[in-house]
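Heavy atoms only: backbone and side chains are in, while hydrogens, waters and symmetry mates are out. Order of listing sets the numbers, starting from 1, for every ligand and every atom in it.
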Amino acid sequence: MTRRLEVCESPAEAAGRACELIAEASPSTIALSGGSSPLPLYRLLQERGMLSGASIWMVDERCVPPDHEASNTRLLQEFFGDRVHRMRGEEPPHVAAGAYEEAIVALLGPEPVFDLMVLGMGNDGHTASLFPGSTELDERERIVIATDQPHAGFHRVTLTLPVLNRARSVLFFVTGESKAPAFAKIQDGELLPAGRVLGATWVIDRPVLSVPIATPRRRRWDPIEGQESLFELDG
Ligand code: 6PG
């Protein structure tokens with residue numbers, strides 16, 4: 001499965017493009033990531049009244065109360081209210097993970113297929129709460145798990161890699177120069193967690209491309225029609 005890449009000139013432009021792709025996908029079920037990058041996207045979705053009929057789920061959560069500043073529940077409910085099926089970060093992580101898995105299975109069955117997954121990428125190449133070298137990356141049975149270690153300060157609850165890859169569409173929304181090193185590594189074929197989600201469309205801004213890749217002649221991405229080819233193709 002190839003990846004598709006859309007390069008925009010600013011986070012605002014990337015948010016606009018991602019909105020168009022989400023409108024095209026017109027998802028009934030969508031899972032949203034936390035973090036700060038997607039804020040312009042979520043603000044635009046809210047302003048345009050998009051996702052009003054969608055079932056909104058979370059990709060991951062930090063194990064903190066919902067009013068904690070690091071809570072993804074707090075972030076997502078700011079834009080989408082209590083329609084968000086929230087992970088209960090205030091509960092013991094394994095309890096929260098089990099409850100969320102039951103809720104997903106009740107709606108989507110034991111092999112859930114979300115219509116759309118909106119993912120981010122950390123500076124280390126993590127996505128969801130699947131971090132480089134973590135045991136959670138190897139989980140192939142469970143739908144939702146709790147991390148066995150804290151990451152970036154918190155224990156977390158996260159969808160697992162098979163669920164991310166099973167989605168009908170995956171959109172990575174990644175902006176900012178800090179993401180460039182991990183992005184270059186993924187283009188070079190390093191299997192960082194975000195590089196293990198295949199068939200995704202990556203909406204990025206240009207600073208994400210600011211680190212040259214070591215093997216520019218290896219085709220890693222299908223530039224979108226009309227976008228300049230960002231890499232020389234295999235000659
Ligand atoms: C989380 C997110 C996580 C996020 C990346 C990027 O809870 O942290 O779900 O996967 O997408 O950490 O975060 P930023 O957008 O803040 O860089």
Side-chain angles (χ1 to χ4, degrees), residues 8 10-12 14-15 18 22 30-45 56-80 84-90 93 96-97 100 104 114 116-134 136-137 139 143-147 149-161 163-165 167 170-186 192-197 200-205 207-211:
C8 299
S10 68
I22 292 170
I30 184 168
L32 300 175
S33 291
S36 56
S37 304
L39 293 179
L41 169 58
Y42 295 162
R43 195 166 293 117
L44 210 48
L45 289 168
I56 301 176
W57 296 75
M58 296 177 70
V59 168
D60 65 338
E61 178 59 291
R62 294 84 181 269
C63 295
V64 294
D67 59 355
H68 189 285
E69 64 175 2
S71 166
N72 288 338
T73 294
R74 186 190 56 77
L75 181 148
L76 293 175
Q77 288 189 337
E78 182 183 324
F79 295 105
F80 308 109
V84 177
H85 295 266
R86 76 178 190 88
M87 292 174 172
R88 304 184 68 81
E90 69 275 24
Y100 208 70
I104 291 176
F114 284 90
L116 180 60
M117 198 68 64
V118 177
L119 299 178
M121 182 181 71
N123 297 347
D124 60 359
H126 82 261
T127 191
S129 285
L130 302 172
F131 286 78
S134 69
E136 290 81 36
L137 268 176
E139 177 59 48
I143 295 165
V144 186
I145 53 174
T147 60
Q149 299 291 329
H151 292 284
F154 304 103
H155 276 272
R156 293 154 174 258
V157 173
T158 183
L159 298 183
T160 57
L161 194 59
V163 179
L164 306 187
N165 271 305
V170 180
L171 188 158
F172 272 95
F173 188 84
V174 179
T175 58
E177 193 169 1
S178 66
K179 312 294 184 181
F183 188 71
K185 286 177 183 172
I186 287 172
L192 294 174
R196 297 179 187 217
V197 182
T201 295
W202 287 61
V203 178
I204 66 173
D205 68 356
V208 173
L209 296 177
S210 58
V211 170

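Of the candidates Leu45, Val59, Val118, Val118 is the only one forming a side chain to side chain contact (heavy atoms under 4.5 Å, CB included) with Ile30. Here the options are Val208, Leu192, Asn123, the test is side chain to side chain contact (heavy atoms under 4.5 Å, CB included), and the partner is Phe183; only Val208 passes. With Phe172 as the fixed residue, the side chain to side chain contact (heavy atoms under 4.5 Å, CB included) test singles out one of Thr201, Ile204, Thr127: Thr127.
Between Asp60 and Gly34, the closest heavy-atom pair is OD1-N, 4.0 Å. When all heavy atoms of Asp205 and Gly176 are compared, the closest pair comes out as OD1-N, 3.0 Å. Listed here is the closest heavy atom pair of Val203 and Ala14: CG1-O, 3.5 Å. Scanning all heavy atoms of the two residues, the minimum distance from Pro132 to Pro193 falls at N-CG, 3.5 Å.
Residue contact check: Asn72 has heavy atoms under 4.0 Å from atoms 1 (C), 7 (O) of ligand 1. Short contacts between ligand 1 and Gly120, defined as distances under 4.0 Å to a heavy atom of the residue, involve ligand atoms 11 (O). Using a 4.0 Å cut-off to heavy atoms of Ser37, the atoms of ligand 1 that qualify are 14 (P), 15 (O), 16 (O), 17 (O). Residue Ser33 approaches ligand 1 through these ligand atoms, each under 4.0 Å from one of its heavy atoms: 9 (O). Near Arg156, meaning under 4.0 Å from any of its heavy atoms, are these atoms of ligand 1: 1 (C), 7 (O), 8 (O). Set against the non-hydrogen atoms of Arg62, the atoms of ligand 1 under 4.0 Å away are 1 (C), 7 (O), 8 (O).
Between the side chains of Glu136 and Ser129, no donor-acceptor pair of N or O atoms lies under 3.5 Å.
Taking a 4.0 Å cut-off on heavy atoms, Asp60 registers as neighbouring ligand 1.
Using the six-membered ring where Trp is involved, Trp57 and Phe114 have ring planes that are perpendicular, over 60° apart on the 30 and 60° scheme.
Nearest protein neighbour of atom 4 (C) of ligand 1, counting heavy atoms only, is Gly34 O, 4.0 Å. Protein heavy atom in closest approach to atom 13 (O) of ligand 1: Gly35 CA, 3.9 Å. Nearest protein neighbour of atom 16 (O) of ligand 1, counting heavy atoms only, is Ser36 N, 2.7 Å. Summary of contacts: the protein heavy atom closest to atom 12 (O) of ligand 1 is His126 NE2, 2.7 Å.
Considering backbone and side-chain N/O atoms, Ala128 comes within less than 3.5 Å of an N/O atom of ligand 1. Checking only distances, Lys179 does come within under 3.5 Å of ligand 1, N or O to N or O.
Contacts between Leu119 and ligand 1, counted as non-hydrogen atom pairs separated by less than 4.0 Å, are absent for every part of the residue.
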